[in-house]
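Heads up, the thing below is written out as structure tokens.
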Amino acid sequence: MSVKGIDHIGIAVKNLEESMPFYMDDLGLTFLGIEEVPSQKVRVAMFSVGESRIELLEPTSEESPIAKAIEKRGQGVHHIAYSVESASGEIDSLKRKGIRMIDDTAREGAGGTRIAFIHPAASGKVLTELCEHPKAEKENQDEFS
Ligand code: ZN
């Protein structure tokens with residue numbers, strides 16, 4: 001496992017516009033943009049904080065995993081994402097160790113990333129994401145990292 005750092009912390013919110021001023025105005029984090037990720041039925045607002053980011057997640061449908069998380073536990077910290085060189089490589093290596101994955105193959109995340117979630121049963125209930133930034137886009141990424 002070659003984790004390079006904490007890529008971001010995902011926070012589930014009911015409404016981006018209501019939640020953003022705290023991060024933008026009160027904490028003074030740099031706002032990077034809003035993006036919709038249809039595959040996960042979320043709208044995502046990104047803020048940079050040092051080498052890491054804060055990812056606010058707003059559900060766009062009641063079927064969104066984020067809607068379900070808010071229903072169960074309310075708004076708050078949803079997952080921790082580690083940056084890795086290769087999401088698919090880490091999936092293979094974790095599975096070889098018997099670690100249960102939510103995503104058996106890497107899928108598309110915000111900002112052109114490839115992501116995969118580890119099953120909370122395998123990570124002490126801390127929802128854990130692996131996040132790979134595509135190499136070809138690494139230069140452009142400064143606007144989104
Ligand atoms: Zn995330």
Side-chain angles (χ1 to χ4, degrees), residues 1-24 27-95 99-145:
M1 190 84 187
S2 55
V3 169
K4 296 188 292 180
I6 293 181
D7 188 85
H8 63 267
I9 294 171
I11 298 173
V13 302
K14 288 179 185 160
N15 181 289
L16 288 186
E17 281 70 24
E18 278 171 22
S19 300
M20 281 168 50
F22 170 73
Y23 296 92
M24 202 148 43
L27 292 183
L29 305 188
T30 306
F31 174 57
L32 299 171
I34 291 181
E35 183 189 344
E36 189 160 344
V37 185
S39 61
Q40 293 179 77
K41 301 186 176 74
V42 288
R43 272 205 319 147
V44 175
M46 282 288 191
F47 298 86
S48 73
V49 47
E51 301 274 288
S52 301
R53 296 173 298 160
I54 294 292
E55 175 185 75
L56 302 184
L57 301 144
E58 174 200 88
T60 54
S61 147
E62 279 174 21
E63 270 99 77
S64 167
I66 296 300
K68 288 177 182 146
I70 291 173
E71 205 176 290
K72 264 197 211 156
R73 295 184 294 274
Q75 303 186 96
V77 173
H78 180 258
H79 64 270
I80 294 176
Y82 296 98
S83 53
V84 297
E85 202 66 54
S86 160
S88 55
E90 297 303 341
I91 291 169
D92 290 346
S93 110
L94 286 167
K95 282 167 79 177
I99 299 291
R100 189 167 156 204
M101 301 294 299
I102 290 177
D103 299 301
D104 284 318
T105 52
R107 59 186 164 94
E108 187 189 343
T113 53
R114 304 289 299 162
I115 64 165
F117 281 94
I118 297 172
H119 198 283
S123 53
K125 301 226 172 108
V126 178
L127 187 57
T128 302
E129 175 187 338
L130 308 171
C131 183
E132 169 194 344
H133 290 275
K135 282 167 192 71
E137 286 171 27
K138 233 160 211 166
E139 284 90 79
N140 313 339
Q141 225 174 62
D142 284 304
E143 82 190 82
F144 214 84
S145 70

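Excluded from the calculations below are hydrogen atoms, water molecules and symmetry mates; all remaining heavy atoms, backbone and side chain alike, are included. Model, not experiment: these values are computed from the prediction. Note that ligands are numbered from 1 as they come in the structure, with each ligand's atoms numbered from 1 the same way.
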Do T60 and Q40 have a side chain donor and acceptor closer than 3.5 Å?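 There is no such pair between these side chains.
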Will you find, in the side chains of H78 and E55, an N or O donor that is under 3.5 Å from an N or O acceptor?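 Note: H78 and E55 side chains miss the donor-acceptor criterion.
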Below 2.8 Å, can you find an N, O or S atom of E55 next to the Zn ion (ligand 1)?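 For E55, the answer is yes, given that an N, O or S atom comes within less than 2.8 Å of the Zn ion (ligand 1).
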If I take atom CG from residue L29 and atom CE from residue M20, how far apart are they, to the nearest 0.5 angstrom?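 Answer for the CG-CE pair, L29 versus M20, is 11.0 Å.
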In terms of side-chain geometry, is the basic nitrogen of K4 or E51 positioned less than 4.0 Å from the acidic oxygen of its partner?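 Salt bridge: no.
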For N/O/S atoms only: which one belongs to E129 and is nearest the Zn ion (ligand 1)?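 Going by distance to the Zn ion (ligand 1), the closest N, O or S atom in E129 is OE1.
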Only to 10 degrees, please: what angle do the NE2 atom of H8 and the NE2 atom of H79 make about the Zn ion (ligand 1)?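 Once rounded, the angle between the two atoms at the Zn ion (ligand 1) is 110°.
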